[in-house]
Protein chains: 2
Amino acid sequence: MGETLLPKRLALPVFCSDPLSSVAYATEETLLILALGGTMLLHLTWYIAAVIVALLLVVIASYRQTCYAYPNGGGAYVVSSENLGQTAALTAASALLVDYVLTVSVSVVAGVAAITSAAPPMAPYAVPLSVGFVVLLALMNLRGIKESGRAFAIPTYGFVLGIYVMFIAAAARLASGHTIRAESAHWPIHATGTYTGLALVLLAMRSFASGCTALTGVEAISNGVPAFTKPKSRNAATTLLIMGALSVSMFIGITILALVYHVHVAQSPTELGLPPAAAPPTALAQIAKASFGSVTPLFYYVQAFTAGILILAANTAFNGFPMLASILAQDGYLPRQLHNRGDRLVFSNGIVLLALAAIALIVIFDANVSAIIQLYIVGVFVSFTLSQTGMVRHWQRELETPSEAVEPARRRHIRRSQAINATGAFFTGVVLVIVLITKFTHGAWIVTIAMPLLFLAMKAVHRHYEKVREELQVPPGARPEPPSRNHAIVLVSKIHAPTLRAVGYARSIRPDSVEAVTSGIDAAETQSLSAAWDAHEMGVPLTVLDSPYREVTSPVLEYIRRLHRESPRDVITVIIPEYIVGRWWEQLLHNQSALRLKARLLFIPGVTVTSVPYVLRSARSTRAPSSPST
Amino acid sequence: MGETLLPKRLALPVFCSDPLSSVAYATEETLLILALGGTMLLHLTWYIAAVIVALLLVVIASYRQTCYAYPNGGGAYVVSSENLGQTAALTAASALLVDYVLTVSVSVVAGVAAITSAAPPMAPYAVPLSVGFVVLLALMNLRGIKESGRAFAIPTYGFVLGIYVMFIAAAARLASGHTIRAESAHWPIHATGTYTGLALVLLAMRSFASGCTALTGVEAISNGVPAFTKPKSRNAATTLLIMGALSVSMFIGITILALVYHVHVAQSPTELGLPPAAAPPTALAQIAKASFGSVTPLFYYVQAFTAGILILAANTAFNGFPMLASILAQDGYLPRQLHNRGDRLVFSNGIVLLALAAIALIVIFDANVSAIIQLYIVGVFVSFTLSQTGMVRHWQRELETPSEAVEPARRRHIRRSQAINATGAFFTGVVLVIVLITKFTHGAWIVTIAMPLLFLAMKAVHRHYEKVREELQVPPGARPEPPSRNHAIVLVSKIHAPTLRAVGYARSIRPDSVEAVTSGIDAAETQSLSAAWDAHEMGVPLTVLDSPYREVTSPVLEYIRRLHRESPRDVITVIIPEYIVGRWWEQLLHNQSALRLKARLLFIPGVTVTSVPYVLRSARSTRAPSSPST
């Protein structure tokens, strides 16, 4: 989005496809858990949905404070890093990285479920379809397609419009006295047991935890404040409010219709009395079909835009993940390849990493939304909690600022913001505990292992970079010191144009001594090489190394190690003739042993490696069109 | 096996695990096809088995001639190459490479089927088990385990012994008047249609083609003649005969018992009236179980040794494939990485390639022997036919030799050998046509696409190597010519120990001119670098390149290209300071942009790239323990 600033009506689709699209599955996930207790418990959905809506409002209120406090963008990593220190920041970063992967997996799989609900014959191909979408998104982002806000606007507003039209259609038909039933209303629901007392509470909590997926992606706006038109913070906060209103109304409406229509869902089709291979339509698809009755084009409209916004939501992770990885790399917590500042290859590594991880999850969990979603919510609430806690500290610091300039009105304002964030931190923290307790054995344990591993890996990378930086530092008075002597060695296997060029070059750098070296593998070959060497008047002596095991590289390495041991203060310049062919696959056919040798030579102290390339005609024409050939 | 020569009793297990083990599935594959015509057609097995045995004898007789004609080893590639020219040789090579892959897949999957037949609860894990065995074999071969002939002897002789003991047990029980029935005897067989006339002939031919898997691997001995004790050719020919006797007797015995016991097999368990997830035991397992009756330890013995010899058969491909790939690479038909003569890495690339291809087939075909085997026989008979045709030409040349020294007796002998090979060529050619016709739509088409693709790829590689070789040739009078001028450029990003060392080195090679170059990305950073540059008295001027897009590499490449255009006869020595860390994963964290830059610099004519490494302490201790640090 870079240069152009976004007005609210375009910022909403750019930043909110993730939270808005999550209403497509949140209700279904809530119902799914309650159904374990049989149809009797489904009425609990009312209460659970109410708590989720309340939580959503608290989180939105909290993030509005962040928009004001961090006009340059306040992602969980930045806020934690500034206010809570390295450990919290890295915890938030681990959570966010895991979340981006899960956003892609969950959104794409849910999008494909919307498609297969409208076109049931596609259901057996859910895994390849999902993988295909991830690959497509990765390729689009690798090519660096610049999405305009407009491209985001169509699926997002189209989805919202579709849902509202559905509500109106449903209201009209219900008002006219129709009884509407979802196609699944007559499917039986088999309770897995009777839930009373603590078991009932735990089941309700687990259902609530599943429904909390409606909250995913809420933080995106606070991250993107700089992209808004002025007044940035205010516009961002307002957009967050609009998003909240849309989310809440859609979630409530879908949940009401699911209950009114008696939508029945279950983990496995057999529990609904269907054959094991059946792929029942999603709850939202059932609601849309029932609401529109005979007006099927509208049903297909809702399904198409549901798939559209979900895949758009996955796309936001393809922006967010490489960006965060780049920031982490800049801070020294991830490999520098992820922070290629300004280069054309920007973010490519991050995009590929994200796509591979998401594909792995899709394949492992067989493109099953309900299975993958178990992993999703832990990371989301870890970053929520850390971000809100960080905000509480942020306001505290503002209050404790030594300057007398904090007016009482401002002071009250800060107190109020702090209270809002504290409320947010408390409730998201409570939800995190609930999620951990109720989801741990259902898959969340994977995330609770993955996050600490990521955390430790980032710490290790950082320690490594620090160690190297310290070791490479030079004292202020240090001067470059030329080596005492330079001994040049040209590696030779046969006499051809690159060899001649390399020998010519070796003589031109005027080393203190120079020789050519070859591994003697075949006596006849060596003899003919020696003869040719003299015939071509190479002007430097040729040393033939013994190679009892017919190896090329080991004798050379051994010889150079010995030279270094004998005069450790000298530099040994190893000159390697190479020839450069045009295409990458051709390059694979050559120089592989030279490459291996170079990699190992660099580890011998005092050795300098010089490649003297001989560029073949084919390479000149394909790769260096601007350079005249010599 | 290298140094030690093998007596016949050890050569047999070393070279014959593949052909001997194939009797474990050949009968089953024959029955499987005939069963499509219902139980009525199963009696055709008698005739088909008889034809297969006759064919096996013809092929063995043919290969005995090869043993005498090629005492240095006469694989299909060598024989075709010497007698039929490049196209035939590459066709044979393509067939052989494909065959090795299929030998691994088929043998391992059949071995796992032997295991799951004895331990049915393992059946759902056939794919991971098979992949696991391939990985294990690959790792063992990568570590370069030297198998002794003795290690081969136990599973091979153990298998043969087990089969014969099974025959004796069966004969004893049948002779005493028992009626023995396999467990599958009462399973129904559903004919897919009524086969009469041409359809019946085609079905019989397809069944015959499946049974021909009993012939796979017969050529291994002719390939390995040099490993035999003297008289090599004669011992090899005798071993071939023994192998033939064992193969034929086991195949006949197993086929008889399969018919006597009414073994019923089918492509899918449902056709046998079993649930779809059932994994019925292999035909051989059923025969063993029925033969031994209550003596179950003997049943487990047969299953264990069947699995053992099959996995050993897969192992032979792990020797053969890298060997053939190395020969092809030496002849310039495959990338040179596959021919690392004498290096410790010998064959590693070939082993990894083979394992990956075999694993892909196992996963794609869901570890189903009957599915993979459809691909197997085409390649086998292509190489048989070419090899035998080559032998006919070989003898013809001997007859046409201008010397008068060919005595009449020798002449008659050659004529006789030629006649045997011509018979072999004719019949294997006919079988090849039958296999192509009957198996094409059942999977053989994959091989008929893969082989020509391999063929074309090898041609392309060869053409490329030839073109490069010609372009690199130098005329006899050529002399090394030092460049007219050498302009040195040190690439700098910051001032640390490697930079100092690189500048010192640049001055020591006494170039005609020298400068340091950096990409100016951040104005403040650039200014502080310039200041430090003066403070450290670097002694060479620092050029700051404009980088409007905040890129590191492009401005450098552009600058060097311009220098080359301005004085195309000069050499530009680009000196890159690098630092070398200890472990491979640490290395991944560094020098990536240097690596990318080096790769692109090499394509600019006239550029020479010099890496000046600074070896960090950690790297010195882990990699170069023998070198004292400077």
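Source: prediction; values computed, not measured. Just so it is clear: chains get the letters A, B, ... in the order the sequence lines come, proteins before strands, and each one is counted from 1.
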**OP:** List in chain and number order the residues that pass salt bridge (Lys or Arg N to Asp or Glu O under 4.0 Å) with A:Glu515, two or more places apart in sequence or in another chain; answer none if no residue qualifies.
**Re:**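 Here no residue qualifies.
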
Original post:
Partners of A:Arg479 by salt bridge (Lys or Arg N to Asp or Glu O under 4.0 Å), sequence neighbours excluded?
Top reply: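 Counting only residues at least two positions away or on another chain, A:Arg479 forms a salt bridge (Lys or Arg N to Asp or Glu O under 4.0 Å) with B:Glu537.
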
Please flag which part of [X] lies under 4.5 Å from any non-hydrogen atom of chain B: side chain, backbone, both or neither.
X: A:Pro475; value: backbone
X: A:Ala535; value: backbone
X: A:Leu334; value: neither

Original post:
Of the backbone (N, CA, C, O) and the side chain (C-beta and beyond), which part of B:Ile495 lies under 4.5 Å from a heavy atom of chain A, both, or neither?
Top reply: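 Both backbone and side chain of B:Ile495 come within 4.5 Å of chain A.
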
For the candidates [options], which exhibits the highest count of non-hydrogen atom pairs separated by less than 4.5 Å from chain B?
options: A:Ile576, A:Val574, A:Val571, A:Asn486; value: A:Asn486
options: A:Gln473, A:Lys598, A:Arg562, A:Met538; value: A:Met538
options: A:Pro476, A:Pro511, A:Ala506; value: A:Pro476

Original post:
Would one find more than 12 heavy atoms of other residues, nucleotides or ligands at under 6.0 Å from atom CG of A:Asp512?
Top reply: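 Yes, enclosed.
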
**OP:** Tell me, yes or no, whether the heavy-atom count around B:Glu466 atom CD, taken from other residues, nucleotides or ligands under 6.0 Å, exceeds 12.
**Re:**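 More than 12 heavy atoms, drawn from other residues, nucleotides or ligands, come within 6.0 Å of this atom.
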
Original post:
Say you draw a straight line from CD1 of B:Ile580 to CG of A:Leu601; how long is it, rounded to the nearest 0.5 Å?
Top reply: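 Result: 10.5 Å between the selected atoms.
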
**OP:** Could you grab the distance from atom NE2 of B:His496 to atom CD of A:Glu470, nearest 0.5 Å is fine?
**Re:**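 Rounded to the nearest 0.5 Å, the NE2-CD separation comes to 14.0 Å.
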
Original post:
Does the side chain to side chain contact (heavy atoms under 4.5 Å, CB included) test come out yes or no for A:Thr499 and B:Leu472, once each step is laid out?
Top reply: CA-CA 9 Å; A:Thr499 310; B:Leu472 294 183; over 6 Å; no

Original post:
Between B:Pro480, B:Gly477, B:Pro483, which shows the greatest number of heavy-atom pairs under 4.5 Å with chain A?
Top reply: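 Looking at each option in turn, the highest pair count goes to B:Pro480.
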
Subject >> Largest heavy-atom contact set with chain A, pairs under 4.5 Å, which of B:Val540, B:Val607, B:Leu602, B:Val612 >> reply: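 Most pairs with chain A among the choices: B:Leu602.
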
Subject >> B:Thr608 versus A:Pro613, closest heavy-atom pair with distance >> reply: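 So the minimum-distance heavy-atom pair works out to CA-CD, 4.0 Å.
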
Original post:
Between A:Glu471 and B:Tyr614, what is the shortest heavy-atom contact and its length?
Top reply: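 That would be O-OH, 4.4 Å.
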
Original post:
Does the side chain to side chain contact (heavy atoms under 4.5 Å, CB included) test come out yes or no for A:His536 and B:Val474, once each step is laid out?
Top reply: CA-CA 10 Å; A:His536 281 279; B:Val474 285; 4.0 Å; yes

